[in-house]
Amino acid sequence: MIFPRLNIPQRGAILVFSLGPDAVEAIRAHRRDKSASVSQPFRFPLPAAAFKDEPVPTGIALQRHLHEAGVSSRQCIVCIPLNWSFSAIVDFPSLSESDLEGFMTFEAERRFPLPPHELTLRLLRPRTEENGQRALLLGVPSHYLSNVEAAFRAAGLQPEAITFAVSALAEEHAGTACAVLRADPGIVDLAVGDHCGALALRNVIWSESASDPPTVAEAHEIARQLRITLSSLAPAQRDEIKTVVAHGGRDWPSEFQDALAHAFAAQGLITNRGTVSPEIIGADVSPAMLATAMRHGRGEPCAVNLMSRRKGRFQSYARWSTGTPTSSRRPRRRRPWHCSPSL
């Protein structure tokens with residue numbers, strides 16, 4: 001089912017936005033008995049940089065575009081660029097919940113170029129409690145997030161989560177040792193994980209010329225970045241990664257796809273074409289946005305939620321992504337976890 005153009009709010013509908021190099025894309029997803037139907041994508045000429053640099057004028061412009069497109073839904077999920085973040089693999093000791101904040105602050109001070117008080121930190125913890133496990137520490141400049149939230153509120157929208165699009169795709173392969181490529185116009189993101197959880201999130205390509213087809217040289221750059229990412233892992237973790245799952249990029253030239261497959265094969269990796277679960281009913285849109293919408297349809301939280309406060313039904317259940325912005329706000333009381341952590 002494809003959503004009609006309606007000027008009245010739809011119960012249970014949510015907008016999923018993805019900020020790109022030269023435009024913002026959006027789909028409208030409607031929950032349907034643990035699945036979701038989605039609309040044809042909307043594309044508005046508002047680059048990602050405008051949302052963090054000029055939030056209010058950009059939000060007003062977005063509101064105008066939504067009105068012209070006949071979009072009336074207000075709840076939304078915002079996928080920000082992965083290249084706005086810092087990440088590091090850290091040794092994860094056995095810690096109590098009360099010690100995690102200090103642990104993240106200490107590691108961020110050692111590894112990231114900005115002081116911890118200027119970052120919103122998230123720790124993607126391993127699913128198991130084995131000794132010697134590693135976790136993925138993420139940091140995003142807090143003013144980027146506050147400006148993005150301000151832009152969408154200026155557009156009359158109510159953000160329920162700010163996340164990374166590739167993390168929803170990676171969640172589809174949770175528990176499997178593989179590398180996941182997210183390919184959208186002008187964007188290639190990489191996620192690596194094993195049976196214990198997330199090992200790496202990395203932006204590989206961010207091109208302002210999103211309409212230009214990728215080149216063979218870019219195929220070799222993607223393979224090189226994957227090789228660098230895998231080399232940063234422990235030998236046992238690196239040896240588990242045998243497959244690269246590519247989502248999107250169906251309009252890539254055949255020469256580029258062949259060059260990419262050969263470059264991965266030279267590293268002993270098999271390339272598979274990824275598909276998003278058929279629970280999603282709708283148009284041929286970005287697999288990363290579909291995966292995000294599918295989590296909404298199943299009533300699951302976003303894999304990584306960077307919102308500074310827990311608002312709405314998504315954040316109230318987002319317990320596995322530990323950490324809060326390091327600020328002077330009074331600590332919030334956390335509910336006990338009822339699910340194992342996942343990417």
Side-chain angles (χ1 to χ4, degrees), residues 79-97 99-145 162-171 174 177-182 188-206 222 224-241 302-308 318 320-327 341-343:
C79 301
I80 64 172
L82 187 56
N83 61 0
W84 287 2
S85 68
F86 308 108
S87 65
I89 299 174
V90 298
D91 293 324
F92 184 69
S94 178
L95 294 173
S96 65
E97 294 295 319
D99 294 331
L100 284 175
E101 189 85 21
F103 171 76
M104 289 190 295
T105 301
F106 174 75
E107 292 292 343
E109 193 164 16
R110 293 177 54 206
R111 300 171 183 272
F112 296 156
L114 294 180
H117 69 269
E118 295 182 10
L119 297 171
T120 295
L121 302 175
R122 292 292 183 269
L123 186 69
L124 306 191
R125 301 166 58 176
R127 296 183 181 88
T128 64
E129 298 297 332
E130 302 171 12
N131 292 327
Q133 290 296 322
R134 290 184 168 186
L136 182 63
L137 180 65
L138 299 173
V140 181
S142 297
H143 71 279
Y144 286 10
L145 300 175
I162 299 176
T163 185
F164 302 117
V166 70
S167 63
L169 283 179
E171 181 66 16
C178 66
V180 177
L181 280 182
R182 171 235 177 166
V188 176
D189 290 337
L190 171 66
V192 178
D194 64 4
H195 68 283
C196 293
L199 299 174
L201 293 176
R202 188 170 197 161
N203 173 252
V204 180
I205 291 178
W206 181 265
I222 293 171
R224 187 181 77 88
Q225 292 289 343
L226 177 58
R227 184 172 63 252
I228 293 172
T229 302
L230 294 180
S231 66
S232 67
L233 305 180
Q237 295 172 324
R238 182 170 60 247
D239 293 342
E240 286 189 43
I241 309 298
C302 288
V304 178
N305 195 342
L306 297 161
M307 287 281 286
S308 58
W320 66 268
S321 183
T322 305
T324 58
T326 52
S327 69
S342 55
L343 176 62

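The residues of the chain are indexed from 1 along the displayed sequence.
What you find for Cys178 and Ile241 is that their closest heavy atoms are N-CD1, 3.7 Å. Closest approach of Ser167 to Val304, counting heavy atoms only: CB-CG2, 3.9 Å. The shortest heavy-atom contact between Leu123 and Ala135 is CD1-CB, 3.8 Å. Minimum heavy-atom separation, Leu114 to Leu119: O-CD1, 3.8 Å.
With sequence neighbours excluded, the residues that form a ring-ring contact (aromatic ring centres under 6.0 Å, His included) with Phe86 are Phe112. Evaluation of the salt bridge (charged side-chain N to carboxylate O under 4.0 Å, His left out) rule for Arg111 yields Glu107 as partners, not counting sequence neighbours. For Asp99, the side chain to side chain donor-acceptor pair (under 3.5 Å) partners are Ser96, not counting sequence neighbours.
Thr120 places no side-chain N or O within 3.5 Å of a backbone atom of Ser142 that could act as its donor or acceptor partner. Under a 3.5 Å cut-off, the side chain of Asn83 and the backbone N or O of Ser85 do not form any donor-acceptor pair. Between the Ser87 side chain and the Leu138 main chain, no donor and acceptor come within less than 3.5 Å of each other. Distance alone, capped at 3.5 Å, is enough to place a donor-acceptor pair between the Arg238 side chain and the Leu233 backbone.
To the nearest 0.5 Å, the span separating CD1 on Ile222 from CZ on Arg202 amounts to 12.5 Å. Residue Leu190 holds its CG atom at 8.5 Å from CG of Leu201, rounded to the nearest 0.5 Å. A distance of 5.5 Å separates CG of Leu82 from CG of Asn203, quoted to the nearest 0.5 Å. For the atom pair OG1 (Thr163) and CZ (Arg122), the distance works out to 10.0 Å, reported to the nearest 0.5 Å. Atom CD1 of Ile80 is separated from atom CG of Leu145 by 5.0 Å, given to the nearest 0.5 angstrom. Here the straight-line distance linking atom CZ of Arg224 with atom OG1 of Thr229 works out to 10.0 Å at 0.5 Å rounding.
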TODO: For the pair Leu306 and Phe164, evaluate side chain to side chain contact (heavy atoms under 4.5 Å, CB included) and give the outcome as yes or no after the intermediate values.
DONE: CA-CA 9 Å; Leu306 297 161; Phe164 302 117; 3.7 Å; yes

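The side-chain heavy atoms of Arg110 and Val90, taken from C-beta on, include no pair separated by under 4.5 Å.
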